[in-house]
Number of protein chains: 2
Amino acid sequence: MAPNVKSDGRTTRWENHRATRRAEFVQAAVRAIDTLGPDASVADIAAEAGVSKPVLYRYFADKSELHAAVGAWGTDLVLERVIAAVLVPASARDRVTAGVEAYLTTIAEHPQAFLLLTRQHAGGDPLAAGKDLIATKLSRMLGDALRLLGGDTGAAEPWAHAVVGLGSSVGQWWLERRTMSRAAAAGYLGEFIWHALSGAAAEHGVDLSALDPEVGNVRPLRTERTERAGSKDAEQ
Amino acid sequence: MAPNVKSDGRTTRWENHRATRRAEFVQAAVRAIDTLGPDASVADIAAEAGVSKPVLYRYFADKSELHAAVGAWGTDLVLERVIAAVLVPASARDRVTAGVEAYLTTIAEHPQAFLLLTRQHAGGDPLAAGKDLIATKLSRMLGDALRLLGGDTGAAEPWAHAVVGLGSSVGQWWLERRTMSRAAAAGYLGEFIWHALSGAAAEHGVDLSALDPEVGNVRPLRTERTERAGSKDAEQ
DNA sequence: ACTAGATGTGACCATCGGTAACGTCTAACT
DNA sequence: AGTTAGACGTTACCGATGGTCACATCTAGT
């Protein structure tokens, strides 16, 4: 018999199911967006998932919440890849470029879905889009780094938003007009970010490139896989 | 009889009027957006202008074209202010910060309208939003500067988009959560941009701060106000 | 057997971008 | 003079889309 004799086993029966179902719908949304573009309608997404609209609306309050879920999925994917790339043992600057390259590689896999992330959240909607999610996490990382280095932690937030906006804008540009190879774009972009960060660090008497091979204590970037349930990569 | 020659004084009579009327509608759109937010409907804008929808649609093919017009207006305004601020005689770095401060000041005057500029253009719509306009102009400026300095002109486009995206993202963040003063935000942002550009320049053997007081030939920035002239496709 | 809670659908509503049809005014042409 | 071109303006309507309702069904726990 069931071990959990809460008030009703009939209520708790679904709790597990609902999470997996919701994840399925997010994947369906990603597929629909990949094929139909970021303006895919809710009906399109429902059709892709093989259900009708009201079913979707039982899992997501409105369209923006669905978009936010897609954004969270994309955020996790991008962060995962970028962090993995940055952790490789190399010079600090090369690691920045590697991170940028991983970023471009990832968004190139889902170009349409990525465009959703760059969209600002619609007016009046309190739910934050993917960009804000990444900016918040990055802001925390930068803040920790600045604190360790004895820098001005006030810079963390604006710089985090700067890097995110920069990445989103250049990413979109690169996806739409592929006027240069991924490696070239990553090189230019990495150069830009590296100089911005290392220059600022140098101004405060810290030499970032000093910590090249030995990744000691000055690394606040923990792997920090978001403990969101589910393997997002199982797809297609 | 009716001559087949176009003796159209009747045709040319309106050409001047239409331009001013269109500008009026753009201003009405800005007012409506300022009060109702960036999602103001076409009907709202028409009401603000004191006309009905079909009148608007005689001047703008669709909503995105109206938005593009608002974007062009904002672009001109921002560029005008920033360029004026950058032209002040001071150290190169101070001028960067002054430009950033002018930028923040300008967008703070029309926060809602500014959000329109940050929105990406809708899917399938070939019309570029304000961000792309600025990015294109900035790209040309950077390209000229890089050519003069003997740098790699390939960096112009990605860097231009980087700066624009960075500005748009940080601008939006600063407008929404005013967690720091304008001067502070401008300081951090200016620091970031300055190090990115000067660091890259230094890598190519150019010292940007060398050209501090005398602003000589390294100035491809023309004032270039586009909207007044009417035809904004004067150059590509 | 009964119930809770999820599953599912087709029909429906409200909003909004965009258009059609219709009519008026006025300066320029004949 | 009368005619004409081209703008002015409105009401009413269409179509797509986000979002909801009412109603029916299935299944596991009580």
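Letters A, B, ... mirror the listed sequences (proteins, then strands); counts begin at 1.
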Distance-only donor-acceptor pairs under 3.5 Å for side chains of residues 42-55 of chain B, two or more places apart:
{"unit_1": "B/Asp44", "atom_1": "OD2", "unit_2": "B/Ser41", "atom_2": "N", "d": "3.1"}
{"unit_1": "B/Asp44", "atom_1": "OD2", "unit_2": "B/Ser41", "atom_2": "OG", "d": "3.1"}
{"unit_1": "B/Glu48", "atom_1": "OE2", "unit_2": "B/Arg31", "atom_2": "NE", "d": "2.8"}

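- Taking every side-chain heavy atom of A/Val42 into account, D/dG18 is the closest of C/dG17, D/dC8, D/dG18.
- Atom CG of A/Asp62 is separated from atom P of D/dT17 by 18 Å (rounded to the nearest Å).
- Side-chain atoms of B/Pro54 lie closest to D/dT10 of the nucleotides C/dG17, D/dT10, C/dT7.
- At the phosphate of C/dT9, OP1 or OP2 sits under 4.0 Å from a side-chain N or O atom of A/Ser52.
- Distance from the side chain of B/Arg18 is smallest for D/dA7 among the nucleotides C/dT7, C/dG17, D/dA7.
- Rounded to whole Å, the distance from NZ on B/Lys53 to P on C/dT19 is 10 Å.
- When the C1' atom of D/dA22 is taken as reference, atom OH of A/Tyr57 falls 18 Å away, rounded to whole Å.
- For the pair A/Phe60 CZ and D/dT20 C1', the computed distance is 18 Å after rounding to whole Å.
- Using a 4.0 Å cut-off, some side-chain N or O of B/His17 falls inside it from OP1 or OP2 of D/dC8.
- In this structure, A/Arg21 atom CZ and D/dC26 atom C1' are separated by 13 Å, rounded to whole Å.
- Rounded to whole angstrom, the span from the CZ atom of A/Arg58 across to the C1' atom of D/dA22 amounts to 12 Å.
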Start with the C-alpha gap between A/Glu80 and A/Lys137, add the side-chain angles, then the distance that decides, and say whether salt bridge (Lys or Arg N to Asp or Glu O under 4.0 Å) holds. CA-CA 12 Å; A/Glu80 188 178 308; A/Lys137 294 188 180 182; over 6 Å; no
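- One interatomic measurement links the two molecules: CD of B/Glu65 to P of C/dG18, which rounds to 10 Å at whole-angstrom precision.
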Could you give me the CA-CA distance, side-chain angles and deciding distance for A/Met180 and A/Tyr188, then say whether side-chain contact (heavy atoms from CB on, under 4.5 Å) is met? CA-CA 11 Å; A/Met180 61 178 62; A/Tyr188 289 133; 3.7 Å; yes
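- Under the rule for a side-chain contact (heavy atoms from CB on, under 4.5 Å), the partners of A/Glu109 that lie at least two apart in sequence or sit in another chain are A/Arg81, A/Thr105.
- Relative ring orientation between B/Phe192 and A/Phe192 is described as tilted, the plane-to-plane angle lying within the 30° to 60° band.
- Summary of the strand contacts: A/Ser41 and B/Tyr59 both lie near DNA chain D, and taking for each the nucleotide with the nearest heavy atom, the more 5' one is attributed to B/Tyr59.
- One atom, CD of A/Glu24, and another, P of C/dG8, lie 10 Å apart when rounded to the nearest Å.
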